[in-house]
Amino acid sequence: MEVPLLHFRKPLFLVTASAASSSRPGVRKSNLLLTDASPGCKEHMSMIRTSIQVCPRYSYYRNYHAAASKKVVFSIQNTSVSIQHETKESVESTSKGHPVSGDGIRRRFLEFYASRGHKVLPSASLVPDDPTVLLTIAGMLQFKPIFLGKAPRKVTRATTAQRCIRTNDVDNVGRTTRHQTFFEMLGNFSFGDYFKREAINWAWDLTTKEFGLPPERLWISVFEDDDESFSIWRDEVGVPMEQIKRMGEDDNFWTSGVTGPCGPCSEIYYDFHPEWGHSDVDLGDDARFIEFYNLVFMQYNKKDDGSLEPLKDKNIDTGLGLERMARILQKVPNNYETDLIYPIIEKASELAGISYTDADDRMKTNLKIIGDHMRAVVYLISDGVFPSNIGRGYVVRRLIRRAVRTGRLLGIKGDGKGNLEGAFLPKIAETVIELSTHIDSEVKARTPRILEELKREELRFVLTLERGEKLLEQLLTDALLTAQENGSKPCLSGKDAFLLYDTYGFPVEITIEVAEERGVSVDMKDFDIQMENQRLQSQAAHNVVKLSVGSASELTECVSDTEFLGYDTLSARAVVEGLLVNGNPVIHVSEGSDVEILLNKTPFYAESGGQIGDHGFLYVLGSEETEHKAVVEIKDVRKSLGNIFVHKGTIKEGTVEVGTEVDAAVDANLRQRAKVHHTATHLLQAALKSVIGQETSQAGSLVAFDRLRFDFNFHRPLSEHELTEVEGSINRWIGNATHLQTKVMALTDAKRAGAIAMFGEKYGEQVRVVEVPGVSMELCGGTHVSNTAEIRAFKIISEQGIASGIRRIEAVAGDAFLDYINVRDNHMRRLCSTLKVKAEEVTARVESLLEELRITRNEVSVLRSQAAANKASAVISKAISIGTSNIRVLVESMDDMDSDSLKNAAEYVVDSLQDPAAVVLGSCPGEGKVSLAASFTPGIVDLGIEAGKFIGPIAKICGGGGGGRPNFAQAGGRKPENLLNALEKARTDLIATLSEKAS
């Protein structure tokens, strides 16, 4: 066999091969000799059409031969290469010296534990259900309620490959061998089933037998008091005692909080340099060791006094870092050069026009940052997190902007492919998406949304980045000069850092990075003060309504969950189980008081899923069934403390007491309006998916009595045609009079059936599915019509953008549609009456009036210009000459002339005076208004006097400001009483400056 050429980045190698028999059946093997590339290498490369996909540092390469369509693995050792047709056996061999792909490690880990009775569960979203954390930071997070005893276990053993995000070490990304923001945590979990013995032995078997790591390179850490684990490692597994290290509580003891489940940990480390010996070993030495597998043994409950008591059910929580294991098995110097990340780095290198292998350390660091950050943002956007200035959105925005700036530092211009107006992040994201198949299969389906969001955010940032970079550079230069003059350390003020953040969109972390590059620190204390001031101002600008239900512990002990009857009835008899006034429990409440009422059961829908709470009345029964001892008007219903419904209202008459029996009656008209709007919202989502693409999804909603509001992910405004098409589809579905179907089923079955889940909503094992057959199927707990015909009609009121990549549609349906149409019809009737035309003639009549108005305004403008010119002609004679020079200066008040006429007058005068001449005119066009105009000829500008710079200080005297070009500028002010003084100042300054320049 003869292979003409392979291209291993730099240099090109000419490869010849002689066939040799393989030691394994079914595998052809050849030994190849590498020599320098010949001039005909490109021709040979074209013939073989071979594409190297993975880093030359790897011990293997995957090539795709166009003719044979077979994967090939290349193994390089010194100056020889072995070639094998790739098989599962060859790529994922457990024998020493053979490679393992990142995808293979993940698959084999899950299969290893599945074969030991573990249920393979999918990765949870990067957006966790846990409100105590911003993002999913560990594999155990989805099981935290089970570990804490707050949720029942569904299985006794589980294994997962969990996508995780941690940004606390973002500054170390690219600078160390192991820090990443996005990573995968492979884990096996036991919920009261097996414990230490099985966990330790299986971890060892996985590591040494399945993945073939040499036992002599593995070190173990255990908690200092955990003799049981120490004994298992030493006596059962057979790890030499000198390779087991006891460590303290900070390193090897896990706690869930101040109190609660906790226990010791044991970790497995890989030794890159066993030749360094066993004395004075520090497992924290990154140059020698990497910790890749952590076993947590939850065996205690930590009490309030700090004491530990054994747990009845002991749990296991483990985590193996996929990228770390890939680094070890693929024999590369850091996590970034594994096949999980390196293809992304290669793409960034290509766009930057550089070679990673030839790059210096700084360039390599920047390429690693891009490789890491692009993984993070692609998976975050895929999971529904979009760039913003708060919360998770800020994490995405910060990482995107860091990647953009890093790309610019590498020299990537535009899209890296010649389009200077383009964006390069989407190009790199395409590689991330290609690598996502075995991580999250849904990423590829969301490709259009991901790429569009990245493009939009990058281009938006670039617009401000250039201005911000210039400002930052000036601020840093000023800081350095000030420090040099004062003999102090250069420091950028927090106020300046906040300006960059608030006005130019610079994440403060980027400001700190750039400042550190220049040797300037940033006053973060002052920055935090500026941020807090902004937060307080923002809070003051909003009405924050907080529904208080007093002491949570007191209520949960005394009040059970509310039984909701509202799907089947609008009235029910219930018992008052609790009363609260201003959040405090009371026994009775009298007429005129606002109150929060807790019932044992209710027909009232509590606000959730975007649908507002029902309105209605509670009637306290008298001795006779027809009598009412008290009446409560309910204006809001919310859920609190899980599933307790809080009915908020006002006592209209009588007194209400705890334990009283009441008749609860929902306002049927308002409920119907809500039902109509909620079902219309489902139809709207279906129509949007049909018209603008399946990748669009709900980002929020409001189902009210008078309207509906639907927020969705999309990158541009909808056209009139698209809006008409959406409206038409919905009204057609309404006219079809389709009966809705509502079912309760298992969440997995619902998703399998194609039901749409609202992003960010939490669902139990059993879910309610609302289906409009042939149109829509969604998980929804809201109230709906029984037939689409009940909606009657649907109309879009508005469509607008509300945030980056988020659009909002407001619409009306049913009775609200009729209300809307009636109001508009009344306006149209009045308009027709005023214009004295028919409805169909209104548009033409208005257009005619607008054209008449335009013509009239033009005529007025011409007359004003003529009047300004006449007035300007009258003041030309007041121009004065400077000394013996021919420079002419005119500064004059033009009374109440408007700003446009003032501009025309200044230009007319300066043209009349001819070069060199300087003209400054002022006027008071209205109450509390000042206008100024400065026009300088080229001869004046050549003397170093610019109109734009000159007019600003003059305008300040009138309480304003302004500027413009060197030859012409305008300004305004709010103090007409100071105009004459300002003009006098202008005259004096001009004469003095020009006299000096002319002499």
Side-chain angles (χ1 to χ4, degrees), residues 94 96 108-109 112-113 115-118 156-157 159 186-255 261-285 288-301 308-321 324-325 328-329:
T94 59
K96 295 179 182 179
R108 287 165 60 184
F109 180 96
F112 179 90
Y113 282 104
S115 69
R116 288 157 177 78
H118 292 67
T156 57
R157 302 178 182 185
T159 183
L186 310 179
N188 56 287
F189 307 90
S190 168
F191 311 109
D193 187 7
Y194 66 82
F195 200 49
K196 290 183 183 179
R197 178 163 283 102
E198 294 87 347
I200 290 173
N201 278 284
W202 286 340
W204 186 258
D205 287 347
L206 174 79
T207 302
T208 59
K209 296 178 182 178
E210 179 67 26
F211 291 132
L213 296 188
E216 63 272 14
R217 282 182 176 262
L218 302 178
W219 289 66
I220 308 298
S221 71
V222 298
F223 179 55
E224 56 191 359
D225 295 334
D226 189 3
D227 295 332
E228 182 184 3
S229 294
F230 187 94
S231 176
I232 295 172
W233 282 115
R234 182 190 62 189
D235 302 333
E236 297 184 26
V237 176
V239 178
M241 189 165 63
E242 61 270 19
Q243 287 182 214
I244 307 175
K245 291 286 185 182
R246 292 183 184 266
M247 301 179 75
E249 186 173 344
D250 289 344
D251 296 303
N252 280 67
F253 197 90
W254 178 86
T255 61
C262 58
C265 309
S266 185
E267 298 164 324
I268 307 178
Y269 291 77
Y270 184 80
D271 186 357
F272 292 106
H273 296 284
E275 70 276 7
W276 291 2
H278 289 72
S279 61
D280 299 323
V281 168
D282 176 12
L283 293 181
D285 180 1
R288 178 173 180 178
F289 296 103
I290 186 170
E291 179 252 309
F292 65 88
Y293 206 169
N294 183 20
L295 317 178
V296 178
F297 311 121
M298 296 185 205
Q299 64 186 92
Y300 301 114
N301 177 54
L308 303 177
E309 62 179 4
L311 285 172
K312 178 182 177 182
D313 293 322
K314 297 178 173 61
N315 303 311
I316 290 292
D317 158 29
T318 78
L320 182 147
R324 297 185 181 196
M325 180 59 84
I328 295 168
L329 293 176

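Along the sequence shown, residues are numbered consecutively beginning with 1. Model, not experiment: these values are computed from the prediction.
- Contact check for Leu218 versus Trp204: side-chain heavy atoms found under the 4.5 Å cut-off.
- Counting all heavy atoms, side chain and backbone alike, Ser229 lies closest to Lys196 at OG-CD, 3.4 Å.
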After noting the C-alpha distance and the side-chain angles of Ile220 and Arg234, does the key distance pass the side-chain contact (heavy atoms from CB on, under 4.5 Å) rule? CA-CA 10 Å; Ile220 308 298; Arg234 182 190 62 189; over 6 Å; no
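- In this structure, Phe211 and Arg108 have side chains that are in contact, with non-hydrogen atoms separated by less than 4.5 Å.
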Are Leu329 and Leu213 close enough, and set up right, to give a side-chain contact (heavy atoms from CB on, under 4.5 Å), and what steps lead you there? CA-CA 8 Å; Leu329 293 176; Leu213 296 188; 3.5 Å; yes
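- Partners of Phe191 under the ring pair (Phe, Tyr, Trp, His ring centres under 6.0 Å) rule, at least two apart in sequence or in another chain, are Phe143, Phe147.
- Using a 4.5 Å heavy-atom cutoff, the side chains of Phe289 and Asp282 are not in contact.
- For the atom pair CG of Leu295 and CD1 of Ile268, the computed distance is 5.5 Å after rounding to the nearest 0.5 Å.
- For the pair Pro264 and Phe223, the tightest heavy-atom approach, listed with the atom from each and the gap, is CB-CB, 3.6 Å.
- Annotation for Glu291 and Arg324: closest pair O-NH1, 2.6 Å, computed over non-hydrogen atoms.
- In this structure, Phe109 and Leu206 have side chains that are in contact, with non-hydrogen atoms separated by less than 4.5 Å.
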Verdict with reasoning, Tyr293 to Thr318, per side-chain contact (heavy atoms from CB on, under 4.5 Å): CA-CA 7 Å; Tyr293 206 169; Thr318 78; 3.8 Å; yes
Full working for side-chain contact (heavy atoms from CB on, under 4.5 Å) between Leu283 and Met247: CA-CA 10 Å; Leu283 293 181; Met247 301 179 75; 4.1 Å; yes
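- Between Tyr269 and Ser221 the shortest side-chain heavy-atom distance falls below 4.5 Å.
- The shortest distance between side-chain heavy atoms of Pro274 and Gln243 does not fall below 4.5 Å.
- Summarising the geometry of Cys265 relative to Asn294, their closest heavy-atom pair is CB-OD1, 3.6 Å, with the distance given to 0.1 Å.
- Heavy atoms from other residues, nucleotides or ligands lying under 6.0 Å from CG of Asp280 number 12 at most.
- Aromatic pair Phe292/Tyr270: centroids not less than 6.0 angstrom apart.
- The aromatic rings of Phe253 and Tyr300 sit parallel, their planes meeting at an angle under 30°, below the 60° perpendicular limit.
- At least one side-chain heavy atom of His278 sits under 4.5 Å from a side-chain heavy atom of Trp219.
- Taking every heavy atom of both residues into account, Leu311 and Met298 meet most closely at CD1-O, 3.8 Å.
- Ring-centre distance between His118 and Tyr194: below the 6.0 Å cut-off.
- To the nearest 0.5 Å, the span separating CD on Gln299 from CD on Glu309 amounts to 13.0 Å.
- A cation-pi arrangement is present between Arg246 and Phe230, with the terminal nitrogen or guanidinium carbon under 6.0 Å from the aromatic centre and inside a 45° cone about the axis.
- Here the CG-CD distance, from Asp205 to Glu210, works out to 10.0 Å after rounding to the nearest 0.5 Å.
- Remark: of the listed residues Ile200, Val239, Asp227, Ile200 is the sole one forming a side-chain contact (heavy atoms from CB on, under 4.5 Å) with Ile232.
- Closest approach of Phe297 and Ser266 over heavy atoms only: CE1-CB, 3.8 Å.
- The distance from the CZ atom of Arg116 to the OG1 atom of Thr159 is 11.0 Å, given to the nearest 0.5 Å.
- Note that CG of Asp193 is 10.0 Å distant from CG of Asn315, once rounded to the nearest 0.5 Å.
- With contacts defined as side-chain heavy-atom distances shorter than 4.5 Å, the pair Glu224/Asn252 does not qualify.
- In this structure, Asp285 CG and Phe272 CZ are separated by 11.0 Å, a value rounded to the nearest 0.5 Å.
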